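To keep things clear, I will list the structure first and then write my remarks on it.
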Amino acid sequence: MGSSWSAQEEVLPGKTMPDFSNAIPVVDRLASTLAEKEAAFEMEFFVETCRLKELAADGSTLARLLRREDNTAFGPCRHEPCALPLDDEGFVMSFPVEDAAGIKAFFDCYGLVVVSGVLTDEACARSADEVWAHVERQCQGFDRSDHSTWHRWPSLARLGIL
């Protein structure tokens, strides 16, 4: 983790942004716990927010950041959703992980693809457990095994989660 801000010289010539990259914990994608991954993500988000605030605090840069851009040359944006092909069970058609050509073709056409066989049963169970554990940490009083506490479920539908 810990990204560097490559646009720094272009945006703030002659100024050096503080380097907080050593404050971001290093996580192992497979071995780190969800809580460790969340902490690292939150710290990286905090660091990037600080960098943006520093950038915006510079008077000459603020006007540039807030300047409206004319994007009319790109034409009107019209999106007409298309029906996704379904399998016999009514789910979006999926492709085995080995079918790279099918995966690419479907993604190129529809902008999404369902790939089957990516996770082992154990990895899938671990992911489900991590989601439950996250919700239990974030929602005081929520207990995955007690349905009477499920009214505390967070409203994450706006983010495409659940």
Side-chain angles (χ1 to χ4, degrees), residues 1-8 11-12 16-57 61 65-66 77 79-162:
M1 302 192 94
S3 59
S4 62
W5 192 26
S6 60
Q8 174 179 325
V11 179
L12 292 175
T16 303
M17 299 295 290
D19 181 14
F20 294 107
S21 58
N22 60 343
I24 301 171
V26 177
V27 294
D28 181 285
R29 186 172 154 255
L30 298 175
S32 297
T33 66
L34 183 60
E36 291 168 334
K37 293 174 189 174
E38 287 173 358
F41 173 76
E42 287 177 14
M43 180 55 77
E44 186 160 6
F45 179 79
F46 172 74
V47 166
E48 292 304 318
T49 302
C50 287
R51 287 180 177 168
L52 287 173
K53 287 180 180 180
E54 178 75 22
L55 176 66
T61 308
L65 286 172
L66 298 176
C77 180
H79 174 71
E80 296 180 25
C82 58
L84 296 171
L86 305 179
D87 63 16
D88 294 337
E89 296 177 12
F91 295 102
V92 174
M93 196 169 128
S94 66
F95 297 84
V97 71
E98 302 82 16
D99 185 5
I103 291 169
K104 182 178 181 342
F106 195 90
F107 182 80
D108 287 346
C109 182
Y110 297 101
L112 65 93
V113 66
V114 176
V115 181
S116 59
V118 173
L119 298 176
T120 64
D121 289 345
E122 294 80 22
C124 190
R126 178 179 171 197
S127 294
D129 186 56
E130 288 176 346
V131 169
W132 282 115
H134 172 76
V135 173
E136 288 175 329
R137 279 193 309 278
Q138 298 298 318
C139 303
Q140 186 176 8
F142 183 91
D143 180 356
R144 70 179 96 177
S145 61
D146 182 357
H147 292 236
S148 69
T149 66
W150 284 24
H151 67 281
R152 299 174 185 271
W153 188 269
S155 177
L156 299 176
R158 297 180 313 269
L159 302 176
I161 301 171
L162 308 172

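Throughout, residue positions are numbered sequentially from 1 according to the sequence presented. What you see is a predicted model, and the numbers here were worked out from it, not measured in a lab.
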* List the atom of Glu36, the atom of Val27, and the distance in Å for their closest heavy-atom pair. => O-CG1, 3.6 Å
* Asked: Which word best sums up how the rings of Trp150 and Trp132 line up, parallel for under 30°, tilted for 30 to 60°, or perpendicular for over 60°?
  -> tilted
* To do: State, to 0.1 Å, how close Ser32 and Asp28 come at their nearest heavy-atom pair, and which atoms those are.
  => OG-N, 2.7 Å
* Considering non-hydrogen atoms only, spot the tightest contact between Tyr110 and Ala83 and give its length. => CE2-O, 3.8 Å
* Does the side chain of Val131 come within less than 4.5 Å of Arg144's, by heavy atoms? -> no
* When rounded to the nearest 0.5 angstrom, what is the spacing between CE in Met93 and OG in Ser116? -> 10.5 Å
* Tell me, please, which residues at least two apart from Arg126 pass salt bridge (Lys or Arg N to Asp or Glu O under 4.0 Å). => Glu130
* Asked: Between Asp99 and Phe106, is a side chain to side chain contact (heavy atoms under 4.5 Å, CB included) present by the stated rule, with each step listed?
  -> CA-CA 11 Å; Asp99 185 5; Phe106 195 90; over 6 Å; no
* To do: Compare every heavy atom of Val118 with every heavy atom of Val115, then report the nearest pair and how far apart it is.
  => CG1-CG2, 3.4 Å
* Nearest heavy-atom pair of Val113 and Phe95: which atoms, and what distance? -> CG2-CD1, 3.7 Å
* Option among Met43, Glu48, Glu44, Glu42 that satisfies the side-chain contact (heavy atoms from CB on, under 4.5 Å) test with Phe46 -> Met43
* Asked: What are the two closest non-hydrogen atoms of Ile103 and Pro96, and how far apart are they?
  -> CD1-O, 3.6 Å
* Euclidean distance, Cys82 SG relative to Leu84 CG, rounded to 0.5 Å -> 6.0 Å
* **Test log, rule side chain to side chain contact (heavy atoms under 4.5 Å, CB included), inputs Asp143 and Glu136** => CA-CA 6 Å; Asp143 180 356; Glu136 288 175 329; 3.7 Å; yes
